[in-house]
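Remarks on the structure that follows.
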Amino acid sequence: MLTRTERKVVRAVIAAGAEKESFLIPEKSLLSACKMDKKDLPKLRKTLNSLSLDGYFDLIRCLNGGEETLCVVPRHKLLLALRHQYQKLVAQ
């Protein structure tokens, strides 16, 4: 079972491009997509690492022009979460 913060992060990653094979997203963009403050950056990083270890996606951190950028490679669990979210929308 995912925590509330984990669900927010999963939804933001799905919205950013879960249907792609892999994608880049600046950490600040993901932070704003999760509607979190800058002070919550350590919490976001901890949540991303946890979700990565749980098999939702592979995560590679890099610097792009001095800005922390994440390379996300969706895995099976994230695609299942995407399908579950789509089914909930269709049922409404």
Side-chain angles (χ1 to χ4, degrees):
M1 201 78 177
L2 296 176
T3 65
R4 181 180 297 180
T5 304
E6 288 173 334
R7 282 193 305 268
K8 284 196 311 190
V9 172
V10 165
R11 285 186 195 120
V13 169
I14 287 171
E19 66 277 351
K20 298 178 186 174
E21 188 174 316
S22 66
F23 61 95
L24 296 172
I25 183 168
E27 199 172 51
K28 290 180 181 179
S29 296
L30 188 59
L31 192 65
S32 66
C34 293
K35 295 181 174 85
M36 299 170 82
D37 294 329
K38 287 185 180 183
K39 66 179 181 174
D40 293 329
L41 187 59
K43 185 177 183 180
L44 175 68
R45 289 178 176 163
K46 182 179 175 183
T47 303
L48 285 168
N49 290 335
S50 174
L51 289 168
S52 178
L53 289 173
D54 286 344
Y56 281 86
F57 45 78
D58 289 336
L59 186 65
I60 302 169
R61 296 177 186 279
C62 57
L63 287 177
N64 187 10
E67 184 178 9
E68 180 105 10
T69 302
L70 306 170
C71 176
V72 181
V73 181
R75 292 291 168 218
H76 186 68
K77 277 189 175 182
L78 188 69
L79 299 176
L80 289 175
L82 174 64
R83 187 175 73 182
H84 178 71
Q85 185 178 7
Y86 177 74
Q87 288 175 346
K88 284 176 71 175
L89 289 173
V90 171
Q92 290 179 350

*What about Val13 and Leu41, same hydrophobic cluster or not, with Ile/Leu/Val/Met/Phe/Trp/Tyr joined at side-chain heavy-atom distances under 4.5 Å?*
yes

*In the single-linkage hydrophobic clustering (I, L, V, M, F, W, Y; side-chain heavy atoms under 4.5 Å), do Leu24 and Leu30 co-cluster?*
no

_Value rounded to 0.5 Å, distance of CG in Asp54 from CZ in Arg75_ = 14.5 Å

_Val72 backbone acceptor or donor facing Ser22 side chain under 3.5 Å_ = no

*Nearest-0.5 Å distance that lies between atom CG in Leu44 and atom CG in Leu31*: 5.5 Å

*What do you reckon, is NZ of Lys43 surrounded by more than 12 foreign heavy atoms closer than 6.0 Å?*
no

*Do Ile25 and Leu78 share a hydrophobic cluster, counting only Ile, Leu, Val, Met, Phe, Trp and Tyr and linking them when any side-chain heavy atoms are less than 4.5 Å apart?*
yes

*side-chain contact (heavy atoms from CB on, under 4.5 Å), paired with Thr47, selected from Asp40, Thr5, Val10*: Thr5

_Non-hydrogen side-chain atoms of Arg61 and Asn49 separated by less than 4.5 Å_ = yes

*Distance in Å, Leu48 CG paired with Glu6 CD, rounded so as to fall on 0.5 Å steps*: 10.0 Å

*Thr69 side, atom OG1; Leu63 side, atom CG - distance, nearest 0.5 Å*: 7.5 Å

*asked:* If you count heavy atoms of other groups shown closer than 6.0 angstrom to NZ of Lys77, is the number above 12?
replied: yes

*Which atoms form the tightest heavy-atom contact between Pro74 and Phe23, and what is the distance?*
CG-CE2, 4.2 Å

_Spacing of CG belonging to Leu2 relative to CG belonging to Leu51, to within rounding of 0.5 Å_ = 6.5 Å

_Side chain to side chain, Glu67 and Glu27, heavy atoms closer than 4.5 Å_ = no

*Supply the atom-to-atom distance Tyr56 OH to Ser50 OG, rounded to the nearest 0.5 angstrom.*
9.0 Å

